[in-house]
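Sharing a structure here in structure tokens format.
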Amino acid sequence: MYRITFLAALGAVAMAQTAAPPAEKPPAGLEQTIMNRVHEFYTLMMKQQYRQGEAYIAEDTKDYYYAGSKPDIRSFEVMKVEFSDNFTHATAFTRCVEPVVVAGFPPTNMTVVIPSLWKLEGGNWYLYEDPEKIKNPSGLSSKIQSTVQAAAANPELPMPKDLPKDPAFVMGKVLVDKTDVRILPGGSQKITIANGSAGPIDLEYGYPLKGIEAKLDHTKLAQGEKAVLTLTAGDHAEGGFYYLRVLPTGESIKIDVKVE
């Protein structure tokens, strides 16, 4: 299945912003400045230089960027920029060619227009995500609230005494046996992930660390099942924080990796 990438997710709320009035024109050179910034970021994504791409991400969006899947871009073109909030926020529209694989059909390419959100901070422009989207991954809170309301409206359905009203009751149920590891160059460490939630989950690889290979023995876990993540360090590996993403909750498992 074609997976919506991190970049596409960033643009999901772009149209909700209030655009600057048509009569207003941005300051001279501002549109080109942002288009250059967007072009630089997408060039790094196309080269799969995700660590360098971090420099373009707003501070409040870095964890979301680390944990999210990254796009596989074959080519791109920055098309236009729309401004809002007195030219302190912008939505950039980029035409991207990405591979798509659908069961039963030969691999092909798909052209999509991806909106991304940018804001002005400290004199520079940074890509960001709407805080509400980060707080409410995959619309989980909204889905839970809708379920609660539907159950309350149907007196024939058996209802528990205390209904959960937020997603906290399903969060934090996926556990690891260690949250920090030390690896020698050429060595490896194994981390066990246990699904303590009430249903199945998927694990997604997150932000890569330079020179460190991450390998899961399986990515789909039923209730009560475990998976093993193996981190193997090359000769010139660099440590840092490695993230695994848990679906459908959108949580991130953070592992501190040190190379000695």
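Along the sequence shown, the residues carry numbers beginning at 1. These figures come from a predicted structure and were not determined experimentally.
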Worksheet item: Got a sec, which residues hit side chain to side chain contact (heavy atoms under 4.5 Å, CB included) with Thr88, two or more places apart in sequence or on another chain?
Response: Asp85

Practice prompt. Check the surroundings of atom NE2 in His218: do more than 12 heavy atoms from other residues, nucleotides or ligands lie under 6.0 Å from it?
Written response: yes

Discussion item. Which label fits Phe41 and Tyr65: parallel for a plane angle under 30°, tilted from 30 to 60°, or perpendicular past 60°?
Written reply: tilted

Worksheet, complete the sentence: Taken in chain and number order and not counting sequence neighbours, the residues that satisfy side chain to side chain donor-acceptor pair (under 3.5 Å) with Asn36 are Gln32

Sequence neighbours excluded and cut-off under 3.5 Å, please list the side-chain donor-acceptor pairs for residues 253-260, or say none.
| from | atom 1 | to | atom 2 | distance (Å) |
| --- | --- | --- | --- | --- |
| Asp256 | OD2 | Lys258 | NZ | 2.6 |
| Glu260 | OE2 | Arg182 | NH1 | 2.8 |

Worksheet item: Donor-acceptor pair, Lys62 side chain versus Glu54 backbone, under 3.5 Å?
Response: yes

Discussion item. Would you say Met35 ends up clustered with Leu120 if hydrophobic residues are merged whenever their side chains have heavy atoms under 4.5 Å apart, either directly or through other cluster members?
Written reply: yes

Item to complete: Go through Tyr243 and Asp63 one step at a time and tell me if the side-chain contact (heavy atoms from CB on, under 4.5 Å) criterion holds.
Response: CA-CA 9 Å; Tyr243 292 78; Asp63 282 350; 3.2 Å; yes

Item to complete: Could you pull out all residues at least two apart from Tyr126 that satisfy ring pair (Phe, Tyr, Trp, His ring centres under 6.0 Å)?
Response: none

Worksheet item: How are the rings of His89 and Tyr128 set to each other: parallel, tilted or perpendicular (split at 30° and 60°)?
Response: perpendicular

Discussion item. Could you see if Tyr42 belongs to whatever hydrophobic cluster contains Met46? Use Ile, Leu, Val, Met, Phe, Trp, Tyr and a side-chain cutoff under 4.5 Å.
Written reply: yes

Fill in: Pairwise distance CG(Leu247) to NZ(Lys220) - rounded to 0.5 angstrom
9.0 Å

Worksheet item: Who are the side chain to side chain donor-acceptor pair (under 3.5 Å) partners of Gln223, not counting sequence neighbours?
Response: none

Practice prompt. Specify the closest pair of heavy atoms between Ile193 and Val176, including all atoms of both residues, with the distance to one decimal.
Written response: CG1-CG1, 3.7 Å

Discussion item. Would you say that Arg245 contacts Tyr64 through its side chain, given a criterion of any heavy-atom pair below 4.5 Å between the two side chains?
Written reply: yes

Item to complete: Could you grab the distance from atom OG1 of Thr91 to atom CD1 of Ile34, nearest 0.5 Å is fine?
Response: 9.5 Å

Worksheet item: Which heavy-atom pair separates Ile183 from Gly187 by the least distance, and what is that distance?
Response: CG2-O, 3.3 Å

Practice prompt. Answer yes or no: is there a donor N or O on one side and an acceptor on the other, between the side chain of Thr61 and the main chain of Glu129, under 3.5 Å?
Written response: yes

Discussion item. Once side chain to side chain donor-acceptor pair (under 3.5 Å) is applied, do any residues pair with Glu121, and if so which ones, sequence neighbours excluded?
Written reply: Lys119

Fill in: Pairing residues for Glu77 by the side chain to side chain contact (heavy atoms under 4.5 Å, CB included) criterion, not counting sequence neighbours
Arg95

Practice prompt. Under the salt bridge (charged side-chain N to carboxylate O under 4.0 Å, His left out) rule, collect the residues that match up with Glu225, sequence neighbours excluded.
Written response: none

Worksheet item: Got a second to check how far Gln52's CD is from Met45's CE, nearest 0.5 Å?
Response: 8.5 Å

Response to the item:
In terms of heavy-atom contacts, Trp118 and Tyr56 come closest through CZ3-O, 4.1 Å

Worksheet entry | Within-4.5 Å side-chain heavy-atom neighbours: Tyr242 and Tyr205 | yes

Response to the item:
Note: Leu209 and Gly239 closest approach over all heavy atoms is CD2-O, 4.3 Å

Worksheet entry | More than 12 heavy atoms of other groups within 6.0 Å of Lys178 NZ | yes

Fill in: Those residues that, when tested against Lys210, pass salt bridge (charged side-chain N to carboxylate O under 4.0 Å, His left out) (two or more places apart)
Glu238

Worksheet entry | salt bridge (charged side-chain N to carboxylate O under 4.0 Å, His left out) partners for Lys226, two or more places apart | none

Practice prompt. Please list, chain by chain and in numerical order, all residues satisfying side chain to side chain donor-acceptor pair (under 3.5 Å) with Gln49, sequence neighbours excluded.
Written response: none

Worksheet item: Roughly how far, to the nearest 0.5 Å, is CG of Leu231 from CD1 of Ile191?
Response: 4.0 Å

Worksheet entry | Check: Asp217 side chain, Val228 main-chain N or O, donor-acceptor pair, under 3.5 Å | yes

Practice prompt. Not counting sequence neighbours, list each pair that qualifies as a side-chain hydrogen bond (donor to acceptor under 3.5 Å, both in side chains) and has a residue in residues 184-194.
Written response: Lys190-Thr230

Fill in: Sub-4.5 Å side-chain heavy-atom contact between Lys215 and Thr232
no

Worksheet item: Any side-chain heavy atom of Phe83 within less than 4.5 Å of one from Leu30?
Response: yes

Worksheet item: Salt bridge between Lys80 and Glu82, side-chain N to carboxylate O under 4.0 Å?
Response: yes

